[in-house]
*Asks:* 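Encoded as structure tokens, here's the structure I'll be asking about.
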Amino acid sequence: MKYTRNDYENFLNTELETQMKEYEQVVCTKALLLKERGDVFVGRFIKLQPSGMAIFKVRNSDNMPRKNSFWTASFFIGEMGSFKNWGNNSWADLRQNYQRTYSDALCAWIQKSEENDFCIIGIKNLTTEFAKLLEEEKPIIAFGPQDPPLQYLLNLIDIVRDSSCIETQKILDYDEISNRWNPLKIEAKADFVSLLLNDMKDNNCIVVQGPPGTGKTYRMAQLAAKLLADNKSVLVTALTNQALMELAKKDDLKFFLDKGKISKTSLTVDESKELPNLQPITDNLCNASNENLSLATFYLSSGWAKEATRLSFDYVIMDEASQALLPMIAATMKLGKKVVLIGDQNQLSPIVVTNEDIINKYQ
């Protein structure tokens with residue numbers, strides 16, 4: 001066995017500590033000082049455009065956010081909606097004690113306002129629940145540092161520590177005695193879905209590998225559509241929301257999309273406008289049911305796996321598998337009776353912030 005569970009846990013803890021240290025240095029700073037530095041800004045909600053873009057009014061005296069920069073949008077309760085009342089509270093204090101709700105946010109554009117003291121900014125990537133609250137209450141929103149994926153790492157650490165789980169043992173305790181890699185080359189015109197499902201009669205996990213442009217997402221949509229037609233519950237998990245949306249837009253899934261059979265975690269207003277029949281997963285909670293396709297990022301499906309006491313889905317398909325940490329691949333084994341890992345050896349490896357010299361210790 002090349003790596004032990006202790007190796008995986010030590011690496012995850014190192015990554016967690018590195019991310020927490022960088023994040024805490026910012027969020028534990030006085031919020032008003034962050035505002036002066038441009039690490040925090042506030043804006044009053046004006047309206048939601050038909051495209052899903054949320055429009056905010058921001059004072060010119062604030063340091064303006066950069067175009068295409070990512071933020072956490074926080075709705076603070078009561079008098080803390082005004083930055084003048086923040087006092088000596090750090091950004092972490094405000095979020096912990098006064099935050100009503102929050103959402104990821106992307107500053108898409110900035111332009112001049114008709115009012116000389118203000119400018120207008122366009123914000124994307126807000127969740128549908130957050131946007132609904134904006135329209136109802138027209139509040140002032142504070143934008144601060146984007147949250148790092150700390151909970152994701154904590155989920156994976158818990159999964160690694162649970163050595164009694166039979167499903168994750170197949171990955172985390174795998175000891176190669178002989179080389180069992182004997183891939184089958186699939187021609188472009190081959191019936192990919194039939195070949196894969198036939199192989200899965202005897203295998204609970206299959207790896208699909210292909211370089212860019214070979215139609216992996218197209219084939220994945222075909223597979224998901226076939227499984228849904230066969231009354232199976234399916235989860236597709238990927239690192240990015242973009243990958244999940246690209247799958248949901250495929251023609252093979254249009255019938256199920258139109259029937260409201262496809263749902264997604266953290267559904268944003270922009271995504272809802274793009275695919276009006278795509279359903280939000282309520283409170284981002286795992287709910288596997290037949291003839292339904294759930295789309296979830298690694299960050300959320302790792303939490304489902306951590307809490308899972310049974311195999312929830314008939315099939316789990318992991319996209320962007322090359323970008324998943326090995327404990328995340330193990331996590332999928334806790335979620336599905338059958339697992340398909342789809343990736344590209346030329347894709348990016350998992351993104352981490354730990355120093356490369358430390359990473360090399362685990363090679």
*Asks:* Between Glu115 and Lys57, does any side-chain N to carboxylate O distance fall below 4.0 Å?
*Replies:* yes
*Asks:* Do Val208 and Val340 touch side chain to side chain, with heavy atoms closer than 4.5 Å?
*Replies:* yes
*Asks:* Determine yes or no for a side-chain-to-main-chain donor-acceptor pair under 3.5 angstrom, with Ser69 supplying the side chain and Arg66 the backbone.
*Replies:* yes
*Asks:* Below 4.0 angstrom, N of the basic side chain to O of the carboxylate: do Arg37 and Asp39 qualify?
*Replies:* yes
*Asks:* How are the rings of Trp304 and Phe313 set relative to one another: parallel (under 30°), tilted (30 to 60°) or perpendicular (over 60°)?
*Replies:* parallel
*Asks:* More than 12 heavy atoms of other residues, nucleotides or ligands under 6.0 Å from CG of Asn231: is that the case?
*Replies:* yes
*Asks:* Do any N or O atoms from the side chain of Gln96 and from the backbone of Leu94 form a donor-acceptor pair under 3.5 angstrom?
*Replies:* no
*Asks:* Given 3.5 Å as the limit, does a donor-acceptor pair link the side chain of Asn85 with the main chain of Met80, or not?
*Replies:* no
*Asks:* Ignoring hydrogens and geometry, is there a side-chain-to-backbone donor-acceptor pair from Arg44 to Val58 under 3.5 Å?
*Replies:* no
*Asks:* Could you check whether any side-chain heavy atom of Phe41 comes within less than 4.5 Å of a side-chain heavy atom of Pro65, counting everything from C-beta outward?
*Replies:* yes
*Asks:* Distance-only, no hydrogens or angles: does the Asp93 side chain make a donor-acceptor pair with backbone N or O of Ser90 under 3.5 Å?
*Replies:* yes
*Asks:* Nearest 0.5 Å, please: how far is CE in Met53 from CG in Leu106?
*Replies:* 8.0 Å
*Asks:* Considering only NZ, NE, NH1 and NH2 on the basic side and carboxylate oxygens on the acidic side, decide whether Glu137 and Arg100 come within less than 4.0 Å.
*Replies:* yes
*Asks:* Is a side-chain N or O of Thr214 found less than 3.5 angstrom from the main chain of Pro211, in a donor-acceptor match?
*Replies:* yes
*Asks:* In Å, rounded to the nearest 0.5 Å, how long is the span from OG1 of Thr237 to CG of Leu244?
*Replies:* 7.0 Å
*Asks:* Answer whether the closest heavy-atom distance between the side chains of Lys67 and Cys107 falls below 4.5 Å.
*Replies:* no
*Asks:* Within the 4.5 Å heavy-atom criterion, are Lys30 and Asn88 side-chain neighbours or not?
*Replies:* yes
*Asks:* Can a cation-pi geometry be assigned to Arg95 and Tyr102, taking NZ or CZ under 6.0 Å from the six-membered ring centre and within 45° of the ring axis?
*Replies:* yes
*Asks:* So Asp117 and Ser61, do their side chains get closer than 4.5 Å, heavy atoms only?
*Replies:* no
*Asks:* List the steps, then state whether ring pair (Phe, Tyr, Trp, His ring centres under 6.0 Å) holds for Phe56 with Phe143.
*Replies:* CA-CA 11 Å; Phe56 289 82; Phe143 296 84; 5.2 Å; yes
*Asks:* Have Lys337 and Asn204 got a donor and an acceptor in their side chains that come within less than 3.5 Å?
*Replies:* no
*Asks:* Taking the inter-plane angle between the rings of Trp86 and Trp91 on a 0 to 90° scale, is it parallel (under 30°), tilted (30 to 60°) or perpendicular (over 60°)?
*Replies:* perpendicular
*Asks:* Does Asp147 reach the main-chain N or O of Thr72 with its side chain, forming a donor-acceptor pair under 3.5 Å?
*Replies:* no
*Asks:* Hey, does Leu126 have a side-chain heavy atom less than 4.5 Å from the side chain of Thr268?
*Replies:* no
*Asks:* Can we say Glu24 and Lys21 salt-bridge, meaning some charged N sits less than 4.0 Å from an Asp/Glu carboxylate O?
*Replies:* no
*Asks:* Using side-chain heavy atoms (C-beta onward) and a distance below 4.5 Å, is Ile157 in contact with Asn13?
*Replies:* yes
*Asks:* Following the transitive rule for hydrophobic clusters with a side-chain heavy-atom cut-off under 4.5 Å over Ile, Leu, Val, Met, Phe, Trp and Tyr, establish whether Met220 and Ile186 coincide in one cluster.
*Replies:* yes
*Asks:* Taking only Lys NZ, Arg NE, NH1 and NH2, and the carboxylate oxygens of Asp or Glu, determine whether Arg219 and Asp252 approach each other closer than 4.0 Å.
*Replies:* no
*Asks:* Keeping Ser312 on the side-chain end and Leu335 on the backbone end, is there a donor-acceptor pair under 3.5 Å?
*Replies:* no
*Asks:* Could you tell me whether the side chain of Lys338 and the main chain of Met200 form a donor-acceptor pair under 3.5 Å?
*Replies:* yes
*Asks:* Any non-hydrogen side-chain atom of Leu325 less than 4.5 Å from a side-chain atom of Leu156?
*Replies:* yes
*Asks:* Taking the basic N atoms (NZ, or NE/NH1/NH2) and the acidic carboxylate oxygens, is any pair closer than 4.0 Å for Lys249 and Glu274?
*Replies:* yes
*Asks:* Has Lys35 got its NZ or CZ under 6.0 Å from the middle of the six-membered ring of Phe83, at an angle within 45 degrees of the ring axis?
*Replies:* yes
*Asks:* Verify, without hydrogens or angle tests, whether Thr18 (side chain) and Thr14 (backbone) share a donor-acceptor contact under 3.5 angstrom.
*Replies:* yes
*Asks:* Output the distance between atom CG (Asp344) and atom OG (Ser322), rounded to the nearest 0.5 Å.
*Replies:* 6.0 Å
*Asks:* Any donor-acceptor pair under 3.5 Å linking the side-chain atoms of Asn155 with those of Gln151?
*Replies:* yes
*Asks:* On the 0 to 90° scale, with breaks at 30° and 60°, tag the Phe298-Tyr152 ring pair as parallel, tilted or perpendicular.
*Replies:* parallel
